[in-house]
Amino acid sequence: MTVESTAARTPRRSAGSKAGTTGTKRTTRTPAKKDAKSTEPQLVQLLTPEGKRVKNAEYDKYVAGITPEELRGLYRDMVLTRRFDAEATSLQRQGELGLWASLLGQEAAQIGSGRATREDDYVFPTYREHGVAWCRGVDPANLLGMFRGVNNGGWDPNSNNFQLYTIVIGSQTLHATGYAMGVAKDGADSAVIAYFGDGASSQGDVAESFTFSAVYNAPVVFFCQNNQWAISEPTEKQSRVPIYQRAQGFGFPGVRVDGNDVLGVLAVTRWALERARTGEGPTLVEAFTYRMGAHTTSDDPTRYRGDEERQAWEAKDPILRLRRYLEASNHADEGFFAELETESEALGKRVREAVRSMPDPDHFAIFENAYADGHALVDEERAQFAAYQASFADEGGN
């Protein structure tokens, strides 16, 4: 299956002036005709939406030894991640969380890439990598503290080699590049992977990361989840060419993989991480997927995209795709799926109870670490906040 970028098909208009004229004349330049095969983005796919296995001479070897048990494990990862994500969305709607960024539809991109990492690799996420966090052993409940406003992250990054969530768009790619350069200096054979979205690819931080990683041959994989929408802006407004092709201008390879194909993502990410570990430098992986929900719970996607688009991508659902393959290959029976359903409900209940029992933070802690020593303005703001808090108690007493 090959998907063509709208941007790659749209001719660009440019204005020019003609020598010897008194005015400026607008002209339209017609791009030179190219062979369709040369302009069509290549898409790595090992599992079709119908659940059929596709042979790939280049990447098959990276999943050649995968067992039925491991396949069931990938399916379990995706199902439990989706269940946790749905619970978090419900909790936000109930007022238990301030905000939530759903990963609905992107489970294969995250689980496939997350399971490709080794324990000693280091991961730099954005704020939507709940499936990758699951693969790195971060308790799902710990992901929700920041969104509830009770902590600044909820886990020790060095205990799982999984950095805290990054809200600033694209900055984590710089952190990952710097860390990877340090890994290279230390002579370690581990790799670094940085996650970002199609919208973040427009940020200068990402371009700087590409430049530094290429020049210093950093062992880093840039993993772009192209979910088609940077909030309300489609991908064609983010890049003139398919995102993976932009790596060429920086001097390292890029590859586009079907982001709804967990086997394809697993294979491509293993390949890219192996390149990094063996000193071959950075790689850009574009996981071509789709955000089936809202950008965050404060977003309304019906204002900028149609139902037909979502319905088309629902037919490519990553979980349903793997289930079809498991059933057709006799790698899983109804007992497995029933047990998993029970486990997923138990996970939802545990997360729900954990969030509701989270203790409130110290309301005045925000003032304690702004400066090393005392500061008059901070003291004034603390006093104002204390008076504001006290006003609620007064109202309750009346």
Side-chain angles (χ1 to χ4, degrees), residues 46-53 63-94 96 100 102-119 128-144 155 160 162 258-267 269-270 289 292-293 313-357:
L46 302 185
L47 203 60
T48 70
E50 295 74 31
K52 297 184 182 299
R53 183 71 164 84
V63 292
I66 196 165
T67 65
E69 182 181 5
E70 289 172 324
L71 287 169
R72 290 192 295 272
L74 292 172
Y75 183 83
R76 174 179 176 271
D77 289 338
M78 290 195 291
V79 168
L80 294 182
T81 298
R82 179 172 290 187
R83 180 63 184 87
F84 158 71
D85 180 69
E87 189 63 40
T89 300
S90 296
L91 287 166
Q92 193 283 330
R93 297 307 189 200
Q94 295 164 21
E96 301 289 350
W100 183 246
S102 173
L103 59 64
L104 183 62
Q106 298 178 221
E107 293 87 357
Q110 296 195 16
I111 298 302
S113 59
R115 288 302 179 195
T117 61
R118 288 191 332 205
E119 185 177 351
R128 201 188 299 274
E129 274 66 62
H130 321 313
V132 185
W134 171 269
C135 294
R136 300 301 296 184
V138 178
D139 189 323
N142 286 342
L143 298 177
L144 301 179
W155 65 91
N160 306 80
F162 185 79
D258 184 342
N260 287 15
D261 169 12
V262 69
L263 283 184
V265 174
L266 178 65
T269 310
R270 281 178 172 173
T289 182
M292 289 202 286
W313 279 93
E314 284 178 344
K316 307 170 189 177
D317 185 281
I319 295 179
L320 179 59
R321 181 183 308 205
L322 183 56
R323 176 164 183 158
R324 287 168 173 166
Y325 179 67
L326 289 171
E327 291 175 333
S329 304
N330 294 317
H331 289 332
D333 57 20
E334 287 304 318
F336 165 76
F337 296 116
E339 289 178 8
L340 184 55
E341 179 65 23
T342 300
E343 184 181 5
S344 68
E345 289 305 311
L347 174 63
K349 180 180 179 181
R350 179 173 73 82
V351 168
R352 184 165 59 251
E353 292 175 348
V355 167
R356 290 174 174 167
S357 63

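Please read these numbers as outputs of a predicted model, since none were measured by experiment.
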Exercise. Sequence neighbours excluded, which residues qualify as side-chain contact (heavy atoms from CB on, under 4.5 Å) partners of Thr67?
Worked result: Glu69, Glu70
Exercise. Is there side-chain contact between Val262 and Tyr75, with heavy atoms separated by less than 4.5 Å?
Worked result: no
Problem set entry | Check: Asp85/Trp100 side-chain N/O donor and acceptor closer than 3.5 Å | yes
Seminar exercise, completed: Residues passing the salt bridge (charged side-chain N to carboxylate O under 4.0 Å, His left out) test with Arg115, sequence neighbours excluded, are Asp77
Exercise. Passes side-chain contact (heavy atoms from CB on, under 4.5 Å), Val265 versus Asn260? Steps please.
Worked result: CA-CA 8 Å; Val265 174; Asn260 287 15; over 6 Å; no
Exercise. In Å and rounded to the nearest 0.5 Å, what is the OG1 to CG distance from Thr289 to Asp258?
Worked result: 8.0 Å
For this session: Please name the pair of heavy atoms, one in Leu80 and one in Ser344, separated by the smallest distance, quoted to 0.1 Å.
Result: CD2-CA, 3.5 Å
What side-chain donor-acceptor pairs closer than 3.5 Å can you find for residues 332-339, not counting sequence neighbours?
from   : atom 1 : to     : atom 2 : distance (Å)
Asp333 : OD1    : Gly335 : N      : 3.2
Asp333 : OD1    : Phe336 : N      : 2.9

Exercise. Taking only residues two or more places apart in sequence or in another chain, which ones pass side-chain hydrogen bond (donor to acceptor under 3.5 Å, both in side chains) with Gln106?
Worked result: Gln225, Asn227
Exercise. Within the side chain of Arg136, is there an N or O that forms a donor-acceptor pair under 3.5 Å with the backbone of Gly114?
Worked result: no
For this session: List in chain and number order the residues that pass side-chain contact (heavy atoms from CB on, under 4.5 Å) with Arg350, two or more places apart in sequence or in another chain; answer none if no residue qualifies.
Result: Asp139, Pro140, Leu347
Problem set entry | salt bridge (charged side-chain N to carboxylate O under 4.0 Å, His left out) partners for Glu343, two or more places apart | Arg76
Exercise. Quick one: CD on Glu107 to CZ on Arg83, what's the gap to the nearest 0.5 Å?
Worked result: 13.0 Å
Exercise. Sequence neighbours excluded, which residues qualify as side-chain hydrogen bond (donor to acceptor under 3.5 Å, both in side chains) partners of Thr81?
Worked result: none
Seminar exercise, completed: Distance col, row Phe84:CZ vs Leu103:CG, nearest 0.5 angstrom, shows 8.5 Å
Problem set entry | From Leu322 atom CG to Asp261 atom CG, the distance as rounded to the nearest 0.5 Å | 9.0 Å
For this session: Mind checking side-chain hydrogen bond (donor to acceptor under 3.5 Å, both in side chains) for Thr269 and listing every partner two or more places apart, or none if nothing turns up?
Result: none
Exercise. Which residues satisfy the side-chain hydrogen bond (donor to acceptor under 3.5 Å, both in side chains) test with Arg324, sequence neighbours excluded?
Worked result: none
Exercise. Are Leu266 and Ser113 side-chain neighbours, meaning at least one heavy-atom pair lies under 4.5 Å?
Worked result: no
Problem set entry | Minimal non-hydrogen separation, Pro318 against Ala108, with atom names | CB-CB, 3.5 Å
Exercise. Is the closest basic N to carboxylate O distance between Glu345 and Lys349 below 4.0 Å?
Worked result: no
For this session: With sequence neighbours excluded, tell me which residues meet salt bridge (charged side-chain N to carboxylate O under 4.0 Å, His left out) with Arg356.
Result: Glu96
Exercise. In Å and rounded to the nearest 0.5 Å, what is the CG to CZ distance from Leu143 to Arg128?
Worked result: 13.5 Å
For this session: Give a yes or no answer on whether the side chain of Ser357 reaches the backbone of Ala354 with a donor-acceptor pair at less than 3.5 Å.
Result: yes
Problem set entry | Residue pair Ala88 / Leu144: nearest heavy atoms and the distance that separates them | CB-CD2, 3.9 Å
Exercise. Ignoring hydrogens and geometry, is there a side-chain-to-backbone donor-acceptor pair from Arg82 to Leu104 under 3.5 Å?
Worked result: no
Problem set entry | Pairing residues for Trp155 by the ring pair (Phe, Tyr, Trp, His ring centres under 6.0 Å) criterion, not counting sequence neighbours | Phe162, Tyr165
For this session: Could you tell me which non-hydrogen atom of Cys135 sits nearest to which non-hydrogen atom of Ile111, and how far apart they are?
Result: SG-CD1, 3.7 Å
Problem set entry | Separation between OH of Tyr325 and NZ of Lys52, rounded to the nearest 0.5 Å | 11.5 Å
For this session: Show the numbers, then the answer: is there a side-chain contact (heavy atoms from CB on, under 4.5 Å) between Arg53 and Val63?
Result: CA-CA 12 Å; Arg53 183 71 164 84; Val63 292; 3.7 Å; yes
Problem set entry | Partners meeting salt bridge (charged side-chain N to carboxylate O under 4.0 Å, His left out) with Glu129 (sequence neighbours left out) | none
Problem set entry | Gln110 side-chain N/O to His130 backbone N/O, donor-acceptor pair under 3.5 Å | yes
